[in-house]
Asks: 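Provided herewith is a single structure, encoded as structure tokens, for subsequent inquiry.
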Amino acid sequence: MKALVTEAQAGGADALAAVEDSISKRYTNSAASDRILYLQATYDDPNIAADPSSPEKMKAIEEYLDLPNHPNSAAVDEAREELIQIMTKQKKPDLDRLYKELTTPHGIDFNDHTAVSVLAKGKSHLPKIQAIAEKHLLEEPTLVDERMLTQSDKQGFMDFSLGFFFSPWQNALGAVYLNEGKLDKAQETLLAAQKNSPNSVGITINLGNVYDAKGSYTEAQKLFTSALSISTMAPGEHPAVTALRENYILQHPDKAGLDAYMKGIEQKDTERRRELVLKARKATPKAIPPLTLKSLDGKAFSSSEMKGKVVAINFWATWCGPCREELPEFEKVADKYRNDPNVLILSMSTNDSDTPVATIARFIKSHKYDFPVLLGGDYAKVNSITPIPMTWFISPDGKEVFRKVGYSRELVQEFSWRIEELKSSARIPTAAGASQGK
């Protein structure tokens, strides 16, 4: 059903409305018509569909859930799960309401560990969410055993399950115990979670918080420092930097020397990230597939326009939530290098070629983006450009030297490092302030 509506949507609003109208009239009060109402609430408007945490999407889902007579329980559960995930991403979530949605009779979803962690941090409904997390961890082994029946590499699947299915809920339960003051149980639970997921920023920091609560500040500091070396896609300050600041204040309530201490921490973090970013260059760079595309303004573009320049191409789509989160920062990169004759900053929409150009243009205009946009639906499909967001960093001789997949926490700084490294390798003058990402 979703595929049918999505296909009709690509044909334009009229085609979509015709399909939806036909189904709704022919199968009134059916599971199919209920599914249509859900899809209309979250997919008809590209701006709502693309942003996973927009207030508009939250309102649309709420209005759908408030409708009477839902014969499609699967659509209702899916909508409610979307609503919960949106609420967990809010800066100041309504904790009582989040708890209400979490406990509405529809069964606890695997991803609900995030909601439990948010409620734990807010010290909301602690005994009840403790029971939810404990129950889930008791039931998960049975679910994993059922999944293992279809696996050929059972030990490999079990190792994966410990990190993917168990540790997030162990982390959530550990956070509950921590905020209930049950520090020994929190430590035991989080140590088990860390064993299953040793490279988890969240688990490492929660365990450090337990040591802070116990007064073991040195042990906590060691954990926070180790967490700083683990990459995270979360925007803004690395959570380990925040934890180290709070750890220092616990040891120095007068905050004497805090600024100098944090400056040193942030400098070490910057140096570590720069080393990791530049170390990830391709061992044997290859020429990118030739480009012969149209830009959003209808002009022709080919690979010849890239010759002799350092080029960054960011691949995105209007429906991609992480892309939408990244694009404002990518705009800053484009602004930084707009007047540099040796650098070309491009973006490429990977929307399906059936997507109306007007939809892409409306998206760009509504966000006031000013970077060049290439229409690359077929190019992206033929060359398997996935997942997105993805960015290629190309040397002046047309070879892809760096590739970044996923959202970057410090995008302007990290993209600048790659660009300046390519300029340096080609002996092109480096822009002033580039090493600081300015």
Asks: Can you tell whether the side chains of Glu219 and Lys222 come within less than 4.0 Å, N to carboxylate O?
Replies: yes

Asks: Whether the side chain of Thr104 engages the backbone of Lys100 through a donor-acceptor N/O pair (distance < 3.5 Å, no angle test) should be reported.
Replies: yes

Asks: Check the pair Thr350, Trp316 against side chain to side chain donor-acceptor pair (under 3.5 Å), reporting the backbone distance first and the verdict last.
Replies: CA-CA 6 Å; Thr350 64; Trp316 59 277; over 6 Å; no

Asks: In Å, rounded to the nearest 0.5 Å, how long is the span from CG of Leu83 to CG of Leu98?
Replies: 9.0 Å

Asks: Contact between Asn206 and Tyr177 at the side-chain level, heavy atoms closer than 4.5 Å - yes or no?
Replies: no

Asks: Is there a side-chain contact between Glu326 and Leu411, using heavy atoms and a 4.5 Å cut-off?
Replies: yes

Asks: Quick one: does Arg427's side chain have a donor or acceptor within less than 3.5 Å of a partner on Lys423's backbone?
Replies: no

Asks: Whether Asp378 and Lys381 form a salt bridge (side-chain N of Lys/Arg under 4.0 Å from carboxylate O of Asp/Glu) is what I want to check.
Replies: no

Asks: Quick one: are Leu95 and Tyr99 in side-chain contact, heavy atoms under 4.5 Å?
Replies: no

Asks: For the side chain of Ser197 and the backbone of Gln194, is there at least one donor-acceptor N/O pair under 3.5 Å apart?
Replies: no

Asks: Walk me through whether Thr391 and Asn314 qualify under side chain to side chain donor-acceptor pair (under 3.5 Å).
Replies: CA-CA 4 Å; Thr391 305; Asn314 179 264; 2.8 Å; yes

Asks: Kindly compute the distance separating OG (Ser229) from CG (Leu276), expressed to the nearest 0.5 Å.
Replies: 8.5 Å

Asks: Parallel, tilted or perpendicular for Phe415 and Phe330, by the 30°/60° rule?
Replies: perpendicular

Asks: Is Asn339 atom CG crowded by more than 12 heavy atoms from other residues, nucleotides or ligands, each under 6.0 Å away?
Replies: no

Asks: Establish, from distance only, whether the side-chain atoms of Thr318 and Asn351 form a donor-acceptor pair under 3.5 Å.
Replies: yes

Asks: If you count heavy atoms of other groups shown closer than 6.0 angstrom to CD of Glu331, is the number above 12?
Replies: yes

Asks: Any donor-acceptor pair under 3.5 Å linking the side-chain atoms of Lys336 with those of Ser416?
Replies: yes

Asks: Is it true that a side-chain atom of Lys404 and a backbone atom of Gly406 form a donor plus acceptor pair closer than 3.5 Å?
Replies: yes

Asks: Determine yes or no for a side-chain-to-main-chain donor-acceptor pair under 3.5 angstrom, with Thr189 supplying the side chain and Ala186 the backbone.
Replies: no

Asks: Quick one: are Lys255 and His252 in side-chain contact, heavy atoms under 4.5 Å?
Replies: no

Asks: Within a strict 4.5 Å, meaning less than it, do heavy atoms of the Phe371 and Leu327 side chains meet?
Replies: yes

Asks: Would you say that Ile419 contacts Val333 through its side chain, given a criterion of any heavy-atom pair below 4.5 Å between the two side chains?
Replies: yes

Asks: For His70 and Tyr64, indicate whether the former's side chain and the latter's backbone hold a donor-acceptor pair under 3.5 Å.
Replies: yes

Asks: Tell me, do Glu180 and Val176 make a side-chain contact under 4.5 Å, heavy atoms counted?
Replies: yes

Asks: If you count heavy atoms of other groups shown closer than 6.0 angstrom to NZ of Lys195, is the number above 12?
Replies: no

Asks: Can you tell me how far the CD atom of Glu188 sits from the CG atom of Leu183, to the nearest 0.5 Å?
Replies: 13.0 Å

Asks: Whether the side chain of Asp212 engages the backbone of Leu250 through a donor-acceptor N/O pair (distance < 3.5 Å, no angle test) should be reported.
Replies: no

Asks: Report the relative orientation of the aromatic rings in Trp392 and Phe315; use parallel for angles under 30°, tilted for 30 to 60°, perpendicular for over 60°.
Replies: perpendicular

Asks: So, are Arg273 and Asp269 salt-bridged, with charged N and O less than 4.0 Å apart?
Replies: yes

Asks: Any salt bridge linking Lys268 with Glu271? Criterion: basic side-chain nitrogen under 4.0 Å from a carboxylate oxygen.
Replies: no

Asks: How are the rings of His367 and Phe363 set to each other: parallel, tilted or perpendicular (split at 30° and 60°)?
Replies: tilted

Asks: Is there a side-chain contact between Val310 and Ser395 (heavy atoms, below 4.5 Å)?
Replies: no

